[in-house]
Every structure is written in structure tokens, then in C-alpha cells.
Amino acid sequence: MEIIIKQDYDKMSKEAADFIVNYINNKPETLLCIAGGETPAGILKYLVEASNNKKVDFSKCKFVSLDEWVGLGRETRGSCKETLYNQFFDLIPITEEQICFFDGLASDLEKECKRVDKFISDNGNIDLIVLGIGMNGHIGFNEPNVPLDTYCHVVGLDPVTKDVSVKYFDKALDVKQGISLGMKTINEADTILLIANDLRKADIVKKTVEGEKMPEVPSSLLKDFPKLYFFLDEAAASKLTK
Ligand code: GLP
């Protein structure tokens, strides 16, 4: 694991966005996956800027979603789809055919999982995946005690995730399940970018980096991944001792 610590959220976001731009410039057909949530907002801003300034060309890239709240679609502010479309896809010159996003409103969720699995395998696995970390160490909706052998799947949400969910939505929503890429999908990617900022993430960052690998902390399971880059701001890194 390579750890990159920048002074603040903005500098961290810029550094991570530059990494992604370089990656795509080296491999224009990149299959890219970027988490929803708050953490990637700065990266998305810089990726849009790079696209506007012709520093990167997304025209040959494909995009797959990481996760979604079951029962929510783009209409709900704070859903993963709304976040990624409003902050990224709608702001860069790409077509809908390049994007495969979980439909949290799908009536047949198993079929939805198979559809996303197939998109990934048809495109030869994910090249670059950008993962936020939940307060409980979840990545995507791979919650504590996650099985390691899963591809796309539906999960019951952890109580911590339900509590934290209020920050995303205009009003509290009774979210119970998530649909997510699995640990196996993530482990088959070429390169992983983990991102975390703010003091409130300092404990989970420390557990991820310095704690034992354990299914109770899903982010810790990525520790030995060969090409893992962990981008942090100083606040999130402040409890690291090694
Ligand atoms: C959310 C999402 C993830 C996200 C993680 C961290 O619940 N399911 O996609 O990466 O938790 O979110 P945030 O960046 O808002 O802290």
C-alpha cells in the first residue's frame, strides 16, 4: 500500500484526480469506477476541469457504478446515481452507452446484479476503482463481516451505515439495503484508490492501515492488494503512528 498524505481535502482531491488523469492518458479504454458519497466530490470537480481543459479524454472510457441504495434512483438527491450524474457524467462529453449504473429501483435485484457483473466482465474487469471508506470501514456497501467471495450482490445495511445515511438526503429515509460490487469484483480490479478526509475518518483510517486484516473492517481486507494507493488529508491521517 502506498500512502499519499496531502495537507487538506482540496490538495488530496487534486492529487488523486491527477493520478486518474495519468492513468487514463496511459490507457484510454479504462473501465473506471468511482464511489458515490461525499469524499469523491473534489476529485470529480478536478476531473471535470481536466476534461474541459482537454487534459484528459473520456471518450474511450467505460464507467461502472460501485453501489446504490436499494429503493432510490436518480430522482432522490443524495443517491449514488444522482451524485455521479450531477457531479460528473452530465458535465463531461460521454454517452449513456459508456455508463453502467446500478438501478436501485429495479424490481429484480438479482437480475440487476447479473447485468452489472456482465458489463464488467464484457469489458475485461475494472481497471481503476476509487473507493471511499464508511465510518465502519465499509467499501461500497461491503459492510462489516462481508464475505470475500462475492461479485455484485444485495446487502442488508449495517446500523452505522443507516445512521450516517441521513447526511446524504434532504430528509431521513428508511434505507434498509444496498446493492454493491462485491469484494471479489474489487479484488479483480487492476488498481485501487482509497480516499479519506477529515478527522472523523481518522480512527477508521488507523484501523485500515495499522490494524489486523479482518472482515469486521472491510477496508482492512484490501491491505495486501498489489496496486493500492491510499490518498488522505492530514486530518484523516492524524492518528497514524507508523
Ligand atoms: C457510502 C457509500 C460509499 C461511500 C462510503 C463513504 O455509504 N455507500 O459509496 O464510499 O459510504 O461515504 P462518504 O464519502 O460520504 O464518507
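All values below come from the heavy atoms of this structure, side chains included, with hydrogens, waters and symmetry mates left out. Read the numbers this way: they start at 1 and go in the same order the structure lists the ligands and their atoms.
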task: Report the C-alpha distance between Phe102 and Phe119 in whole Å, list the side-chain angles of each, state the deciding distance to 0.1 Å, and finish with yes or no for ring-ring contact (aromatic ring centres under 6.0 Å, His included).
output: CA-CA 11 Å; Phe102 280 122; Phe119 180 88; over 10 Å; no
message: Apply side-chain hydrogen bond (donor to acceptor under 3.5 Å, both in side chains) to residues Tyr46 and Asp18 and explain how you reach the verdict.
response: CA-CA 8 Å; Tyr46 281 115; Asp18 286 348; over 6 Å; no
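For atom 7 (O) of ligand 1, the candidate residues are His138, Arg200, Glu68, Glu38; the nearest heavy-atom contact is made by His138. Counting heavy atoms only, Gly132 comes closest to atom 10 (O) of ligand 1 of the residues Pro40, Ala41, Gly132, Gly78.
Numbered from 1 in the order shown, with element, the atoms of ligand 1 that lie under 4.0 Å from a heavy atom of Tyr168 read 1 (C), 7 (O), 11 (O), 12 (O), 13 (P), 15 (O). The Lys201 neighbourhood of ligand 1 comprises atoms 13 (P), 16 (O), with distances under 4.0 Å to a heavy atom of that residue. The distance from ligand 1 to the heavy atoms of Lys167 drops below 4.0 Å at these ligand atoms: 13 (P), 15 (O), 16 (O). For ligand 1, the atoms lying closer than 4.0 Å to a non-hydrogen atom of Phe141 are 7 (O), 8 (N). Each of the following atoms of ligand 1 lies closer than 4.0 Å to a heavy atom of Ala35: 9 (O), 10 (O).
The shortest contact between atom 2 (C) of ligand 1 and any protein heavy atom is with Asp67 OD2, 3.4 Å. Residue, atom and distance of the protein heavy atom nearest to atom 4 (C) of ligand 1 are Gly36 O, 4.0 Å.
One N or O on the side chain of Ser121 and one on the backbone of Asp117 form a donor-acceptor pair closer than 3.5 Å.
Between the side chains of Tyr151 and Glu188, at least one donor N or O sits under 3.5 Å from an acceptor N or O. In this model, a donor atom of one side chain and an acceptor atom of the other lie less than 3.5 Å apart for Glu210 and Thr241. Under 3.5 Å, the side chains of Asp190 and Tyr23 contain a donor-acceptor pair of N or O atoms. Side-chain polar atoms of Ser180 and His153 form no donor-acceptor pair below 3.5 angstrom.
For Met135, the closest heavy-atom approach to ligand 1 does not fall below 4.0 Å.
Only the backbone of Ile133 comes within 4.0 Å of ligand 1, judged by heavy-atom distances. For Thr39, heavy-atom contacts with ligand 1 shorter than 4.0 Å involve the backbone as well as the side chain.
The aromatic rings of Phe89 and Phe63 stand perpendicular to each other, their planes meeting at an angle above 60°, with 30° marking the opposite boundary.
Taking distance alone, with nitrogen or oxygen atoms compared against 3.5 Å, Trp69 stays at or beyond that limit from ligand 1.
Within the 4.5 Å cutoff, side-chain heavy atoms of Asp203 are placed close to those of Lys239.
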